[in-house]
**Q** 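Here it is, the structure, as structure tokens.
Here the structure is a predicted model, which is why all the values come from computation and not from measurement. Counting convention: from 1, in listed order, for ligands and their atoms alike.
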Amino acid sequence: MPANPKKLRLDSPPMMALALVALPALVYYLWICVHHFGGALAWPFSRDLAALLPAPTLAAAAIYGLWLLFQGFLQLYAPGPWKEGVPMDADGTRLRFRLNGWFSFWFTWVFLLGAMLAGVVSPTIVYDHFGALLTTANLFAFVFCAYLYTTGRRSAKAHRSGSRVGDYFLGTLKQPRPFGSEFDFKFFCEGRPGLIGWTVVDFSLAAKQFQLHGTLSTPMLLVLAFQFLYVVDYFYHEEAILTTWDMVEERFGWMLCWGCLVWVPFTYSLQAYYLVNHAHELPFWGTAFIVALNLFGYYVFRSSNLQKHRFRTDPTRPIWGRAPEFIRTQRGTLLLTSGFWGIGRHVNYFGDLMMALAWCLPCLFAHPLPYFYVVYFTILLIQRERRDHRKCLDKYGSDWVKYCRQVRWRIVPFVY
Ligand code: NDP
């Protein structure tokens with residue numbers, strides 16, 4: 001069906017131009033609310049808020065620069081196996097990726113803890129420079145994306161949409177690598193500076209709570225432990241990223257790059273930031289419920305992703321003690337219809353959403369701000385499911401329709 005020209009699509013140049021301004025503004029707004037207003041929602045159009053925008057500092061530039069160099073160095077030289085990604089659609093070649101995220105993650109933590117114990121790095125360093133770091137990371141992401149845009153457009157493989165904004169926003173190349181090297185910018189940014197950085201931000205916020213209140217509250221410990229587990233899980237299963245939508249389908253432009261370098265570390269840590277100055281405690285039953293919700297969400301998320309991954313590598317491997325059931329598509333691909341993939345088409349998203357809620361609940365209900373993450377993530381995953389549905393419909397045609405008839409629920413079984 002042709003696109004309705006009157007309808008402003010989310011991926012149209014005017015909407016992308018708006019996102020380039022609105023998304024960074026939203027991150028600043030969230031930070032101002034949590035830092036200056038104790039988590040209360042400030043009137044977003046007040047001129048007074050502009051005065052609270054943090055300027056970059058030399059110290060923040062040095063911290064951020066050293067962080068990027070350190071992670072880049074680990075990506076290049078830390079031990080880890082080389083694995084091939086999926087074939088590129090242009091010519092079927094497979095690029096190699098060095099899977100040393102597990103080592104890099106733990107090495108970073110040992111190094112940082114050592115530096116803190118030796119008194120070289122303050123545990124509250126990220127909190128103390130948060131505003132300036134946020135501005136530094138934003139500036140870096142915008143400039144780095146300009147570099148990706150200009151170098152990408154010179155490449156023979158560049159995708160050109162006809163819109164400069166579109167090419168800057170969505171990128172021109174799927175797998176930009178500098179000077180023909182094997183350092184993959186997208187693979188690096190997806191995991192290292194942002195995700196490892198997120199755990200460091202959380203840790204620093206917890207250290208600030210301890211410094212201010214002389215205690216680490218149960219909610220802070222829960223948020224820290226849950227998010228740490230999420231990132232550890234990512235690096236333990238690092239190979240799985242090579243087949244994700246982001247790695248296979250998306251080009252590397254502002255949307256992904258800024259998302260990984262700014263959005264993830266500076267907004268996913270919002271609950272921990274909120275808890276710095278809200279050192280309340282939880283009743284035992286509340287703690288037990290939140291832990292159970294996170295563990296159950298994690299079980300659903302991890303097991304469903306593993307079921308599909310293992311089925312794709314060995315379609316005879318039993319699922320829940322029985323031979324897997326599937327639809328054989330006309331393209332030859334098998335669509336799993338048993339286990340979690342027989343209950344819903346994206347139960348993995350449901351698991352992720354349960355965890356997201358468990359990360360917000362420790363903040364209790366005085367302010368809506370700490371629930372930003374679960375609301376945003378629900379919108380993101382509903383959008384993503386729809387995009388994936390359209391992709392699979394195009395790819396598998398009537399086989400996908402048959403699959404959808406057999407597996408009715410999109411994300412939440414018996415609800416949606
Ligand atoms: P999925 O892992 O769900 O993969 C979807 C793809 O799997 C489809 O395009 C299709 O690809 C294949 N597929 C679909 N149904 C079946 C089936 N029944 N049997 C076999 N193959 C099937 O999607 P994502 O990459 O979006 O998500 C991966 C994980 O990452 C999720 O758990 C999600 O929650 C998480 N995530 C986390 C984010 C965060 O910010 N924390 C952001 C986005 C995702 P094919 O063409 O190969 O058939």
**Q** Do you know the tightest heavy-atom contact between A42 and C33?
**A**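 Looks like N-SG, 3.5 Å.
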**Q** Applying a heavy-atom cut-off of 4.0 Å, say which part of D352 lies close to ligand 1: side chain, backbone, both or neither.
**A**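 It is the side chain that touches ligand 1; the backbone stays farther off.
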**Q** Would you verify whether the NZ or CZ of R177 falls within 45 degrees of the ring axis of F97 while also being under 6.0 Å from that six-membered ring's centre?
**A**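 Output yes; distance and angle both within limits.
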**Q** So which bit of L336 gets within less than 4.0 Å of ligand 1, heavy atoms only: side chain, backbone, both or neither?
**A**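 It is both backbone and side chain that touch ligand 1.
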**Q** Can you sort out which atoms of ligand 1 are near F301, meaning under 4.0 Å from one of its heavy atoms?
**A**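 Matching atoms, with element in brackets: 32 (O).
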**Q** Please could you name the atoms of ligand 1 that Y268 approaches to less than 4.0 Å, counting only its heavy atoms?
**A**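 Answer for ligand 1: 40 (O).
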**Q** Under 4.0 Å, heavy-atom basis, I'd like to know which part of F326 is in contact with ligand 1: side chain, backbone, both or neither.
**A**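 Near ligand 1, F326 shows nothing, with every heavy atom at 4.0 Å or more.
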**Q** Would you check whether N305 has a nitrogen or oxygen atom less than 3.5 angstrom from a nitrogen or oxygen atom of ligand 1?
**A**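 In this structure, N305 places an N or O atom under 3.5 Å from an N or O of ligand 1.
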**Q** Show me which atoms of ligand 1 lie under 4.0 Å from any heavy atom of Y230.
**A**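 So the answer, numbered in order with elements, is 37 (C), 41 (N).
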**Q** Is R192 salt-bridged to E238, going by a charged N under 4.0 Å from an acidic O?
**A**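 Looking at E238 together with R192, the answer is yes, because their closest N to O distance falls below 4.0 Å.
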**Q** Heavy-atom distance under 4.5 Å between the side chains of Y149 and D167, does that happen here?
**A**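 Side chain of Y149 against side chain of D167, heavy atoms only: contact under 4.5 Å found.
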**Q** What are the atoms of ligand 1, with element, lying closer than 4.0 Å to any heavy atom of C392?
**A**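 Listed by number with element, the hits are 8 (C), 9 (O), 10 (C).
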**Q** Under 4.0 Å between a Lys/Arg side-chain N and an Asp/Glu carboxylate O for D128 and K208?
**A**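 Between K208 and D128 there is a salt bridge, with a charged N closer than 4.0 Å to a carboxylate O.
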**Q** Report, as yes or no, whether the 6.0 Å neighbourhood of atom CZ on F296 holds more than 12 heavy atoms from other residues, nucleotides or ligands.
**A**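 Check fails, neighbour count at 12 or below.
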**Q** Quick check on contacts: which atoms of ligand 1 are under 4.0 angstrom from a heavy atom of Y403?
**A**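 Listed by number with element, the hits are 18 (N).
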**Q** What are the atoms of ligand 1, with element, lying closer than 4.0 Å to any heavy atom of K391?
**A**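 Atoms satisfying the 4.0 Å criterion: 8 (C), 9 (O), 11 (O), 45 (P), 46 (O).
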**Q** Test of understanding: given a 4.0 Å heavy-atom threshold, classify the contact between F340 and ligand 1 as side chain, backbone, both, or neither.
**A**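 For F340, no heavy atom sits under 4.0 Å from ligand 1.
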**Q** At under 4.0 Å between heavy atoms, is it the side chain or the backbone of R345 that contacts ligand 1, or both, or neither?
**A**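 It is neither part, as no heavy atom is under 4.0 Å.
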**Q** Between S304 and ligand 1, which part of the residue brings a heavy atom under 4.0 Å of the ligand: side chain, backbone, both or neither?
**A**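 Neither part.
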**Q** Please confirm whether R312 comes under 4.0 Å of ligand 1, counting heavy atoms of the residue only.
**A**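 For ligand 1, residue contact (heavy atoms, under 4.0 Å) with R312 is present.
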**Q** Could you tell me, atom by atom, which parts of ligand 1 come under 4.0 Å of a heavy atom of Y396?
**A**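 Near Y396, meaning under 4.0 Å from one of its heavy atoms, ligand 1 has 45 (P), 46 (O), 48 (O).
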**Q** Which option wins on minimum heavy-atom distance to atom 16 (C) of ligand 1: V347, L380, L335?
**A**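 It is L335 whose heavy atom sits nearest to atom 16 (C) of ligand 1.
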**Q** Are the side chains of C392 and H389 in contact, using a 4.5 Å heavy-atom criterion?
**A**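 They are not in contact (no side-chain heavy atoms under 4.5 Å apart), so the answer is no.
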**Q** Is F311 close enough to touch ligand 1? Criterion: a residue heavy atom under 4.0 Å from a ligand atom.
**A**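 So F311 does not count as touching ligand 1.
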**Q** Looking at atom 30 (O) of ligand 1, is any protein heavy atom nearer than 4.0 Å to it?
**A**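 No, because not a single protein heavy atom sits under 4.0 Å from atom 30 (O) of ligand 1.
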**Q** For atom 1 (P) of ligand 1, state which one of N348, D388, L195 supplies the nearest heavy atom.
**A**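 Nearest heavy atom to atom 1 (P) of ligand 1 lies in N348.
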**Q** Any N or O of T333 that comes nearer than 3.5 Å to an N or O of ligand 1?
**A**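 No, there is no polar N/O contact under 3.5 Å.
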**Q** Considering only heavy atoms, does V264 approach ligand 1 within less than 4.0 Å through its side chain, its backbone, both, or neither?
**A**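 Near ligand 1, V264 shows nothing, with every heavy atom at 4.0 Å or more.
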**Q** To which of W400, W245, Y349 does the heavy atom nearest atom 26 (O) of ligand 1 belong?
**A**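 Result: the heavy atom closest to atom 26 (O) of ligand 1 is in Y349.
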**Q** Measure across P324 and L336 and return the closest heavy-atom pair with its distance rounded to 0.1 Å.
**A**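 Looking at all heavy atoms of both residues, the closest pair is CB-CD1, 3.9 Å.
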**Q** Assess the pair W359 and W198: is the distance between their ring centroids shorter than 6.0 Å?
**A**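 Centroid separation for W359 and W198: below 6.0 Å.
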**Q** Name the orientation class of the two ring planes belonging to Y273 and H35 (parallel below 30°, tilted from 30 to 60°, perpendicular beyond 60°).
**A**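 Y273 and H35: perpendicular rings.
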**Q** Pairs of nitrogen or oxygen atoms closer than 3.5 Å, one from R384 and one from ligand 1: do any exist?
**A**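 Min N/O separation from ligand 1 is below 3.5 Å for R384.
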